[in-house]
There are 2 protein chains.
Amino acid sequence: MNKELKKVNKNALNPNVSVDCVIFGFDLEKLTVLLIDRCRNKRDKGIKLALPGNLIYTNEHLDQAAIRVLDELTGLKNIYLEQVGAFGNPDRISKDSDREWLKSIRAEPEASVITVAYFSLIKMPDYLPQASSFAKTAGWASVSEINELAFDHFEILQAAKEKLKQKIKIQPIGFNLLPEKFTLSQLHRLYESILEKPLDKRNFRRKIQKLEIITSLKEKQRGVPHKPSQLFEFKEVRYQELTQNGFDNFGF
Amino acid sequence: MNKELKKVNKNALNPNVSVDCVIFGFDLEKLTVLLIDRCRNKRDKGIKLALPGNLIYTNEHLDQAAIRVLDELTGLKNIYLEQVGAFGNPDRISKDSDREWLKSIRAEPEASVITVAYFSLIKMPDYLPQASSFAKTAGWASVSEINELAFDHFEILQAAKEKLKQKIKIQPIGFNLLPEKFTLSQLHRLYESILEKPLDKRNFRRKIQKLEIITSLKEKQRGVPHKPSQLFEFKEVRYQELTQNGFDNFGF
DNA sequence: TTTGAAAGTGTTAATTTGACACGATGTAAA
DNA sequence: TTTACATCGTGTCAAATTAACACTTTCAAA
């Protein structure tokens, strides 16, 4: 697999196609996304924040490219990853300052670029921001507070949010955003954050429990200034069972 | 809008990005898809049938490119169109015969090509196969009988089918495949064809009628050797109403 | 010991789903 | 003209699902 990567890296860059990653995290309060701050690279008058992304190699599979970029940024492997779609507005690099910045990292900044967006779900604590040089300027931002991004990245983010919203209604992929052990309240907040609407606490718990996709551990939450909650764990096996047999509605 | 198209056509081709169209039709019996037959172009040992597609222009918006290709092939405008996703396996042009064929229509056949797939829904009778030169070799094939296609087009078709399946569960887009006036049985068969499973007749009718998205006409079906059925018409206004106000579950 | 803060828990009414069968109505053939 | 054939169109009931709703428990910190 590492060998594979090296082979690919020998190839030339495809100047027309890039991959952008919408990397979602969850800080147990709200949905977040990993952005890179272009200010630290250069003084800049344009919008500072952008989604991490890069050009792909000529002979690289698109999905492979997304995996590679994600790995370069976070050092993480085996991450939940899904394509959002292709974005190809030729006006997407609209600001001069954007062009300037692109010149600093790309051989042919003026070439028309199609970008293929992916979203991934990671467990935030697993990500150590300083793991790679590429990630030096990276940081988490609260999704709901983002109003603008560089290039057409805001549009991409909206599409990724929408895709995630649809997906989580159908498949229980939310666990990719939570630590191994989590509480039902955390899961509840996660769903509310993603769906951007309140869900009745008791109805939510009932529905989740009926899926039999989580196991309650012996353990309880500790050190909280209120009644500690039961910890749960995701049941991988049951997940396979559900997703395989033509299961296509989680029910939210 | 025509001006727009001309302007775009002056630009150079982007040798790395193509658009492929999965054009669905419905012959009132089963779901069909428009394929081009490469045999008529050349004697050919590879797989004959492929999805229509073409390279995009350097400064062309992806969606615009899909609209253009669809127009070039069918002469149709204002068609329901939706992106399926990007496909970028560098091995996608796997057979030598595929390469040969590509050479005959492309300047740089060896360049790595990302393709962005779109699916569209058209009313079959509206499409006159001889409308354009590009369409000379085009024809309808029954979706369920397709086992292989050129390049990675079979994979793309599967993805498009899946997308359509998901979409029709959520939004009433099926009417784009039916004539202006249609019967409930036709609509019923359409849903069964797309979802690839039987739906109870009475339950189906009940559910559709509750949406209040169709109006029953005064008119009845004529010339059938059995009880003629009521004709219905799609209620555009109600559709807007439903899709706008955060309506997101059609219920199939 | 009191207070604050979140955890955890059930019932009920309304709605939706799924299963199921037969008479009506037109054309075409006998 | 009668009959056969093919599809149209229709209703009920039981089961499952959804939505709305409030109070007691438990721990830590003050």
Could you tell me which residues satisfy ring-ring contact (aromatic ring centres under 6.0 Å, His included) with F182(A), sequence neighbours excluded, listed by chain and number?
F175(A)

Distance in angstrom units between R205(B) CZ and dA19(C) C1', rounded
17 Å

Any sub-3.5 Å donor-acceptor pair from R189(B)'s side-chain atoms to L28(B)'s backbone N or O?
yes

Looking at K201(A) and dG8(C), is any side-chain donor or acceptor paired with a base atom of the opposite kind under 3.5 Å?
yes

Measure from CG on L231(B) to C1' on dC8(D) and round the result to the nearest Å.
12 Å

Hey, does the side chain of K207(B) come within less than 4.0 Å of dT17(C)'s phosphate (OP1/OP2), counting only N and O?
yes

Checking E162(B) now: which residues fulfil side chain to side chain donor-acceptor pair (under 3.5 Å) with it, not counting sequence neighbours?
Q166(B)

For F204(B) and dC8(D), what is the distance between atoms CZ and P respectively, to the nearest whole Å?
12 Å

How close or far is atom C1' of dA19(C) from atom CG of L199(B), stated in whole angstroms?
14 Å

Sorted by chain and number, sequence neighbours left out, side chain to side chain donor-acceptor pair (under 3.5 Å) with S216(B) holds for none

State plainly whether the residues E241(A) and R238(A) are in salt-bridge range, i.e. N to O under 4.0 Å.
yes

Letter per nucleotide, 5' to 3', of nucleotides 10-15 of chain C [B base touched, S only sugar-phosphate touched, - untouched; heavy atoms, 4.0 Å]:
B-----

Determine, for E192(A) against K197(A), whether the closest basic-nitrogen to carboxylate-oxygen distance falls under 4.0 angstrom.
no

Salt-bridge present (K235(A), E212(A); N to O < 4.0 Å)
no

Rounded to whole angstroms, how far apart are CD on Q209(B) and P on dT17(C)?
15 Å

Can you list, in residue-number order, the parts of residues 179-190 of chain A that come under 4.0 Å of DNA chain C, counting heavy atoms only?
S185(A)

Sorted by number, residues from residues 219-226 of chain A placing a heavy atom under 4.0 Å from DNA chain C are P225(A), H226(A)

Residue Q209(A) excluded, over 12 heavy atoms near CD under 6.0 Å
yes

In this structure, how many angstroms lie between the P atom of dT16(C) and the CG atom of L211(B), rounded?
11 Å

For atom NZ of K227(B) and atom P of dG26(C), their distance in whole Å
8 Å

Quiz question: by atom type and distance under 3.5 Å, do the side chains of T183(A) and Q221(A) form a donor-acceptor pair?
no

Under 4.0 Å between a side-chain nitrogen and a carboxylate oxygen: does that hold for K165(B) and E196(B)?
yes

T115(A) and D20(A): side chain donor to acceptor below 3.5 Å
yes

